Each structure stands twice: as structure tokens, then as C-alpha cells.
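Scroll down for the structure; my scribbles are underneath it.
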Amino acid sequence: MAERSPTAPPPSFVWTRRIVLTLLTVFALLPVYVMLSSSLKPLRDVSGAFRWIPEHVTFRPYADIWRTIPLGRYFENSIIVASAATALSVVVAIFAAYAVSRYRFRGRRVFTVTVLSTQMFPGILFLLPLFLLYVGIGNATGIALYGSRGGLILTYLTFSLPFSIWMLVGYFDSIPQGLDEAALVDGCGPLGALFRVIVPASLPGIVAVAIYAFMTAWSEVLFASVMTNDATRTLAVGLRAYATETDVYWNQVMAASLVVSVPVVAGFLLLQRYLVAGLTAGAVK
């Protein structure tokens with residue numbers, strides 16, 4: 001029998017860890033199983049007493065979700081809004097974070113504190129001011145921000161961009177400034193050093209920021225429920241249409257919820273290693 005290493009944890013700790021992790025896994029996967037099993041049942045079975053194993057299995061809800069409501073249009077709106085908000089957040093955050101990290105200028109500390117302070121307030125405080133601002137701009141200039149995709153994209157930038165800047169500042173601070181100086185010696189300007197040296201070295205942090213911005217815009221409900229109309233409604237709000245005055249199509253709600261989760265889950269699994277590296281690398285210099 002092999003001797004246990006002096007640094008190995010005691011067996012009681014190992015078994016406790018296994019039990020706790022198993023319980024947490026079951027706790028996390030249980031709602032997913034309920035959603036999956038409910039999406040494979042006829043509506044009459046979902047409305048009745050819950051059964052862990054479906055008595056009648058059908059895939060019809062996955063076909064009906066596209067006909068009951070204009071799910072395809074909601075899907076398109078969510079992809080456009082989330083992708084545009086992510087791209088703008090990443091681009092603006094890269095320039096802003098690089099300036100804060102590498103340059104010392106008047107108002108730098110005030111800018112940093114202002115960016116962080118925006119995270120202290122709940123989003124609902126900005127809902128009415130943004131609504132009045134968009135309506136006023138539309139009446140004065142004819143630019144339709146309220147009820148448009150562009151207005152929703154700008155709205156999402158107000159709370160995804162501050163966190164993105166703050167996160168990239170910490171990541172850029174962890175990169176030695178000697179890389180910038182070496183690039184300048186080789187003939188690069190400040191922008192050349194940024195895009196040829198700093199951005200490639202900061203790829204994990206940039207990907208983490210992109211994932212955060214995309215997931216925030218994809219699942220946001222409060223602003224999307226007020227700032228959109230029937231033509232620009234996103235998935236997070238559009239799923240409510242499965243509830244009518246006479247009935248709630250629970251099996252289709254579950255099926256649609258699983259379908260709209262696929263892009264986020266797939267992207268997270270593909271970029272998981274970048275996300276972990278981006279969230280941890282900037283913590284230690």
C-alpha cells in the first residue's frame with residue numbers, strides 16, 4: 001500500500017469535498033433537467049402534476065416556439081444588439097483603459113473614481129432619465145433612439161462600459177511597460193504599440209470583457225422592456241408572449257428558454273479558458 005504524502009489532505013476532507021461538489025452539481029443541474037423534461041411534454045402534462053420522467057415525449061414544442069410568437073425576429077434583435085454593444089464596449093474600453101494605465105494626466109483619478117462609482121447605483125435609477133432623454137432627442141432632432149436598436153445599444157453601454165474599462169485597466173497594469181518601450185524603440189507609435197503588442201498580450205482580458213458585455217446585453221430585461229417596441233423587442237422580453245390571457249404555454253417557454261441559451265452557453269464553453277485567465281491574470285502583477 002502506497003504511503004500518503006505528508007502534504008496530501010486528510011481522507012475526511014477529500015470525501016467532504018466530493019459530497020459538497022456532488023450536491024452543488026445536482027443543485028445546479030436540477031433546474032436544467034426540469035426545463036428539459038417540461039419542454040418534451042405536451043401542454044396538458046406540463047399543466048398537470050409534475051412527473052420527473054415524462055409520460056408522453058414530444059418534440060413538437062421545439063417547432064411550435066417559432067410559430068406561436070415571432071421568436072426569429074426576437075432572436076435577430078438580441079444578436080444584433082448584444083453583438084454591437086459588445087464590440088463597442090471592447091473597442092472603447094481598450095482605448096480608455098490604455099490611456100488610464102499608461103499615461104498620467106490631469107483628471108485621471110477623477111475619471112477612474114467616476115467610472116467605478118457608476119457601479120454603485122441600481123440600473124432602475126437610470127431608466128427614467130434615459131427614457132426622457134431619448135424621447136427629448138427624438139422630438140428635437142428626429143433621431144429615433146426610443147424603441148430602436150441603436151438606443152438599446154447605447155443604453156447597454158452605460159453599464160457594461162464602466163466595468164469593462166475598470167477590468168482592462170487592471171489587466172493592462174499587469175503588463176510590463178517595457179513592452180511598450182521596446183515597441184517604441186522599434187519604430188511603433190503609441191497606437192502601434194497598443195495594437196501590435198499590448199492587445200495581443202491582453203487577449204484573455206479582452207475576451208473576458210467581451211463575454212461579460214455580451215452576456216449582460218443578452219439577458220437584460222428591465223431596459224429592454226421599456227426601451228423597445230414590437231419590432232425591436234429582444235428575447236429576454238419576448239419570451240413573455242408565450243403567456244396569453246387564456247393560457248400559458250409552459251412547454252414552449254421551457255423549449256424557447258433552452259434554445260436561446262445555446263449561443264451563450266456555447267460561447268462560454270469555447271472561451272472558458274480565456275475567461276478564467278482574463279479574470280485572474282490582472283489580479284497579480
Side-chain angles (χ1 to χ4, degrees), residues 7 80-123 125-126 150 152-220 263-285:
T7 59
I80 293 175
V81 170
S83 300
T86 300
L88 290 175
S89 293
V90 170
V91 172
V92 176
I94 287 175
F95 286 104
Y98 183 72
V100 173
S101 175
R102 290 299 192 261
Y103 297 98
R104 298 297 179 265
F105 52 89
R106 182 177 299 178
R108 176 178 176 271
R109 183 176 298 275
V110 175
F111 175 78
T112 305
V113 172
T114 302
V115 168
L116 290 177
S117 64
T118 59
Q119 305 299 302
M120 299 170 52
F121 305 99
L125 291 180
F126 302 99
L152 193 59
I153 292 170
L154 291 177
T155 301
Y156 290 158
L157 286 177
T158 60
F159 50 84
S160 66
L161 190 56
F163 179 83
S164 300
I165 295 174
W166 174 79
M167 184 174 177
L168 281 184
V169 167
Y171 199 92
F172 287 168
D173 286 343
S174 67
I175 299 176
Q177 294 193 14
L179 294 178
D180 306 53
E181 297 172 357
L184 294 175
V185 170
D186 289 341
C188 292
L191 292 180
L194 172 62
F195 289 107
R196 294 185 180 182
V197 179
I198 304 302
V199 169
S202 308
L203 186 60
I206 294 173
V207 172
V209 167
I211 293 176
Y212 164 80
F214 186 88
M215 294 180 64
T216 301
W218 184 266
S219 58
E220 201 279 326
V264 176
V265 174
F268 180 82
L269 293 177
L270 290 174
L271 303 174
Q272 183 179 10
R273 62 190 182 95
Y274 293 105
L275 178 63
V276 174
L279 291 175
T280 57
V284 180
K285 294 186 179 180

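It should be emphasised that the depicted structure is a prediction, and the values quoted were computed from it without experimental measurement. When reading the values below, keep in mind they use all heavy atoms of this one structure, side chains included, and skip hydrogens, waters and symmetry mates.
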In this structure, CG of L88 is separated from OG of S164 (nearest 0.5 Å) by 11.0 Å

Separation between OG1 (T155) and CZ (F126), nearest 0.5 Å, reads 12.0 Å

Rounded to the nearest 0.5 angstrom, the CD1-CG distance for I198 and L191 is 12.0 Å

What one should report as the nearest heavy-atom pair of V92 and L161 is CG1-CD2, 3.7 Å

For R108 and V100 the tightest heavy-atom approach is NE-O, 2.7 Å

Smallest heavy-atom separation, T86 atom then A213 atom, equals OG1-C, 3.7 Å

Between the CD1 atom in I206 and the CD1 atom in I94, the distance rounded to the nearest 0.5 Å is 4.0 Å

In terms of the angle between their ring planes, are F195 and F95 parallel, tilted or perpendicular, with boundaries placed at 30° and 60°?
perpendicular

Applying side chain to side chain donor-acceptor pair (under 3.5 Å) to S101 and not counting sequence neighbours gives D173

When every non-hydrogen atom of F214 is compared with those of A82, the smallest separation belongs to CE1-CB, 3.6 Å

Next item on the list: Given side chain to side chain contact (heavy atoms under 4.5 Å, CB included), test L154 with T158 step by step and report yes or no.
Entry: CA-CA 7 Å; L154 291 177; T158 60; over 6 Å; no

Residues pairing under salt bridge (charged side-chain N to carboxylate O under 4.0 Å, His left out) where one sits in residues 194-215, two or more places apart or in two chains, turn out to be none

Contacts of S89 meeting side chain to side chain donor-acceptor pair (under 3.5 Å) (sequence neighbours excluded), chain-then-number -> S160

Review point. So, do V169 and T112 sit near enough that their side-chain heavy atoms are less than 4.5 Å apart?
Key: no

Taken to the nearest 0.5 Å, the spacing of W218 CH2 from I211 CD1 works out to 14.5 Å

Q. In terms of heavy-atom contacts, does CZ of R109 have more than 12 from other residues, nucleotides or ligands at under 6.0 Å?
A. no

For S202 and Y171, the nearest pair of non-hydrogen atoms, with its separation, is CA-CE2, 3.3 Å

(Q) If you count heavy atoms of other groups shown closer than 6.0 angstrom to CZ of R104, is the number above 12? (A) yes

The ring pair (Phe, Tyr, Trp, His ring centres under 6.0 Å) partners of F159 (sequence neighbours excluded) come to Y156, F223

Residue set satisfying ring pair (Phe, Tyr, Trp, His ring centres under 6.0 Å) with F111, at least two apart, ordered chain then number -> none

- Determine, step by step, whether I175 and R102 satisfy the side chain to side chain contact (heavy atoms under 4.5 Å, CB included) criterion, reporting the C-alpha distance in whole Å, the side-chain angles of both residues, the deciding distance to 0.1 Å, and the verdict. CA-CA 10 Å; I175 299 176; R102 290 299 192 261; 3.7 Å; yes

F172 meets the ring pair (Phe, Tyr, Trp, His ring centres under 6.0 Å) criterion, sequence neighbours left out, with none

Heavy-atom nearest pair, P204 first then A201, reads CD-O, 4.2 Å

